[in-house]
> 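I am attaching a structure below and will ask some questions about it afterwards.
What's counted below: heavy atoms across the whole structure, side chains too, no hydrogens, waters or symmetry copies. Chain A is the first sequence line, chain B the second, and so forth, proteins listed ahead of strands; every chain is numbered from 1.
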Number of protein chains: 2
Amino acid sequence: MFSKACEYGIRALTVIAKKTEDGSKVGIKDICKASNTPESFTAKILQNLAKKDIIQSQKGPSGGFYIDRDLSEISLYDIVDAIDGPSIFFGCGLGLKECDASRPCPMHDSFESVRDDMMKMCKENDLQSLITGLNKDTYQR
Amino acid sequence: MFSKACEYGIRALTVIAKKTEDGSKVGIKDICKASNTPESFTAKILQNLAKKDIIQSQKGPSGGFYIDRDLSEISLYDIVDAIDGPSIFFGCGLGLKECDASRPCPMHDSFESVRDDMMKMCKENDLQSLITGLNKDTYQR
DNA sequence: TCTATAAAAGATATTAAGGTCTTTTATTCT
DNA sequence: AGAATAAAAGACCTTAATATCTTTTATAGA
């Protein structure tokens, strides 16, 4: 459903969010250990998210990643859109460039409702809600 | 959402289904023209679907692809499962191997409902319903 | 100011998806 | 039987996603 980059990104973000809640920054190594994601690849993903201002980063000693906004303001939708782009929320199920109510593909109506559900779900979830119940084991399997 | 192979496969299948309804077989060239899919790649996909008995094929003159079952018996679920496998209907949204109600990932409940919706949609749609309203232009854009 | 630290940036490698081409096999029709 | 047709099979190529490694830049703290 989501790309690996997106799965890793979300997992890493929940770890950063949790640390941010505790009032501290966290380095890439700790993030990747906790989120169980490959280090260099995750670093690239976070670099991208920092550029898009979803997260913040600080170089040097006592540096690391953190979040300077209210966690509830960052929705899953924002995250997925930043990493995988908006096509999962808007694209045609059969890959047609033009597909709408007036010129629908055979799946159009059914697929649209699933896609809208996905979008609604992603808008409803945010980093605050995602980290409730998150614990050390969550990603260790 | 679906792979290219799956998008092409579904499109090609609707073309075959339509021809089958008219009582005739159809060759790979015509299928690909009508479904607007790359020929060699689509041939591979159909070969696979024929092996899995979703469609039938006949070699030689007056041969081609056709379907020997009731079109309403072949669901979108069967097709997606045959081409992309079942992971879209069952996989964890964050890519965890083990993720269930007892040890959920942060997205588990929300994601499960979207996934179930997708599954329901795919079980409700079948080749018969997919070809209602299908016309020559549908894929030409 | 120097050193250590940690992210950014860039180059490179690997794997899987997407796509093409050629040869072989089965079948129909003359 | 022979020729033509059309799918099957297999080899191969290209691109994008995934992943790693090295060098550079920024910053804190001694």
> Mind calculating the distance between CG (A:Leu49) and C1' (C:dA7) to the nearest angstrom?
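Taking CG of A:Leu49 and C1' of C:dA7, I get 14 Å after rounding.
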> Side-chain atoms of residues 26-36 of chain B: list all donor-acceptor pairs with protein atoms under 3.5 Å, sequence neighbours left out, distances to 0.1 Å.
unit_1  : atom_1 : unit_2   : atom_2 : d
B:Ser35 : OG     : B:Ile31  : O      : 2.7
B:Ser35 : OG     : B:Thr37  : OG1    : 3.0
B:Asn36 : ND2    : B:Tyr139 : O      : 3.0

> Calculate the interatomic distance between B:Asp53 atom CG and D:dA8 atom P; express it in whole Å.
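Answer to the nearest Å: 12 Å.
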> Using a cut-off of strictly less than 4.0 Å between a heavy atom of the residue and any atom of DNA chain D, enumerate the qualifying residues of residues 3-34 of chain B by number.
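The stretch gives B:Val26, B:Gly27, B:Ile28 as the residues lying under 4.0 Å from the strand, ordered by number.
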> Have a look at the helix from C:dT1-D:dA30 to C:dT30-D:dA1 and give the angle its two end axes make, five pairs each, rounded to 10 degrees.
0°
> List the steps and the verdict of side-chain hydrogen bond (donor to acceptor under 3.5 Å, both in side chains) for B:Asp100 and B:Ser102.
CA-CA 5 Å; B:Asp100 50 51; B:Ser102 68; 2.6 Å; yes
> Please encode protein proximity along nucleotides 20-30 of chain C as a string of B, S and -, counting only heavy-atom distances under 4.0 Å.
BB---BBBB--
> Can you name the nearest heavy-atom pair linking A:Cys122 to A:Phe2, along with the distance?
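So the two residues come closest at SG-CZ, 4.5 Å.
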> What residues, two or more places apart in sequence or in another chain, satisfy salt bridge (charged side-chain N to carboxylate O under 4.0 Å, His left out) together with B:Lys44?
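Testing B:Lys44 for salt bridge (charged side-chain N to carboxylate O under 4.0 Å, His left out), a comparison that skips the adjacent residues, returns none.
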> Could you identify which residues of residues 78-98 of chain B place a heavy atom less than 4.0 Å from some atom of DNA chain D, listed by residue number, or say none?
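Within this stretch, nothing sits under 4.0 Å of the strand.
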> Once you round it to whole Å, what is the distance between C1' of D:dA8 and CD1 of B:Ile55?
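Atom-to-atom, B:Ile55 to D:dA8, this comes out as 12 Å.
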> Examine distances only and state if a side-chain atom of A:Arg115 and a backbone atom of A:Gly91 form a donor-acceptor pair shorter than 3.5 Å.
yes
